[in-house]
Amino acid sequence: MNSDWEDRVTAAWASFDSNPEQDAPAFRAVIDALVAELPPDSPLGPFERACAWDSTGHSDQAVPLYRQALDGGLAEVSGYRARRARIQLASSLRNTGRAEEGVRLLTPELDAPSDELDDAVRACLALCLSSLGRDREGLSLVLGALAPHLPRYRRSMAAYARALVEPAGR
């Protein structure tokens, strides 16, 4: 992998993001062509392919590819992409009726070093929790993630978020 390859992957995704109605098989073919340039054992390949399947509405095809990427050492190649893979895998698991697996996958991410994906972790975990009927916990996560972005009421919203899941009188 080099910066030229990264630039072309970024351009492919930018094209897709600006025109998500484009032909899904054609988009996946673009990603497959880029992946074909990687060494066969690169975890970036299954990660990019998983993202392409997922983004074109095929969570069921994405799940094994995310797992392959993570099991193949994606965290050693890119910690950021590995975190994205865990978030997206949890979402795909939820979409395929396995929200509990998504909760187990994302819960440790709440204690991971903070980065720009923190809110995505909380949002996806909240969706998984909601799918399991644990709406108060999910709402607590979403409010907690939203609170720091508010121009006012940060402290109040953070307190309300905690109150949703803490026992009364604590």
Side-chain angles (χ1 to χ4, degrees), residues 1-132 138 141-142 144-146 148-149:
M1 170 189 65
N2 58 41
S3 63
D4 174 61
W5 185 86
E6 290 281 356
D7 290 346
R8 289 183 291 130
V9 168
T10 299
W13 281 104
S15 170
F16 180 77
D17 289 342
S18 66
N19 183 18
E21 305 305 319
Q22 70 179 299
D23 182 39
F27 173 71
R28 289 192 303 268
V30 168
I31 296 299
D32 285 343
L34 288 163
V35 166
E37 298 176 25
L38 296 169
D41 61 345
S42 173
L44 293 173
F47 172 72
E48 291 298 336
R49 289 183 63 232
C51 294
W53 279 106
D54 212 358
S55 295
T56 57
H58 296 278
S59 294
D60 58 324
Q61 298 293 319
V63 167
L65 292 167
Y66 286 130
R67 286 190 170 140
Q68 182 184 354
L70 290 166
D71 293 345
L74 186 59
E76 287 77 40
V77 173
S78 171
Y80 181 79
R81 279 188 172 113
R83 194 165 199 215
R84 282 185 51 208
R86 286 187 290 275
I87 293 165
Q88 292 165 204
L89 173 56
S91 176
S92 292
L93 288 167
R94 176 185 163 272
N95 290 338
T96 58
R98 296 176 286 176
E100 187 62 49
E101 289 179 61
V103 170
R104 284 193 303 271
L105 184 65
L106 284 185
T107 299
E109 290 296 318
L110 295 174
D111 297 321
S114 183
D115 65 17
E116 68 186 50
L117 297 173
D118 289 352
D119 292 343
V121 166
R122 284 165 176 74
C124 187
L125 182 53
L127 287 168
C128 288
L129 289 167
S130 180
S131 291
L132 296 171
L141 283 171
V142 172
L146 175 64
H149 303 285

Spacing of CG belonging to N2 relative to CZ belonging to R8, to within rounding of 0.5 Å: 7.0 Å
Heavy-atom closest pair, residues V121 and L106: O-CD1, 3.8 Å
Side-chain donor-acceptor distances from residues 45-55 under 3.5 Å, at least two apart:
unit_1 : atom_1 : unit_2 : atom_2 : d
E48    : OE1    : W13    : NE1    : 3.0
R49    : NE     : D32    : OD1    : 3.1
D54    : OD1    : S59    : OG     : 3.2
D54    : OD1    : S92    : OG     : 3.0
D54    : OD2    : Y66    : OH     : 2.8
D54    : OD2    : S92    : OG     : 2.9
S55    : OG     : C51    : O      : 2.9

Where L105 and R86 come nearest, the two heavy atoms and their spacing: CD2-O, 3.3 Å
Using residues 122-130 as the side-chain source, report each donor-acceptor pair under 3.5 Å to any protein atom, sequence neighbours left out, with the distance given to one decimal.
unit_1 : atom_1 : unit_2 : atom_2 : d
R122   : NH1    : D118   : O      : 3.3
S130   : OG     : D135   : OD1    : 2.7

Spatial distance of atom CG (D115) from atom CD (E109) [nearest 0.5 Å]: 8.5 Å
Closest non-hydrogen atom pair, W5 against L34: NE1-O, 2.8 Å
Backbone of A11 reached by a side-chain donor or acceptor of S15 within 3.5 Å: no
Inter-residue atom distance L74.CG - R83.CZ, 0.5 Å rounding: 13.5 Å
Minimal non-hydrogen separation, V30 against A12, with atom names: CG1-CB, 3.9 Å
Non-hydrogen atoms of H149 and A145 that approach each other most closely: CD2-O, 3.0 Å
Flag side-chain contact, heavy atom, 4.5 Å: R84 against L117: yes
Heavy-atom check, side chain of L65 versus side chain of Q68, under 4.5 Å: yes
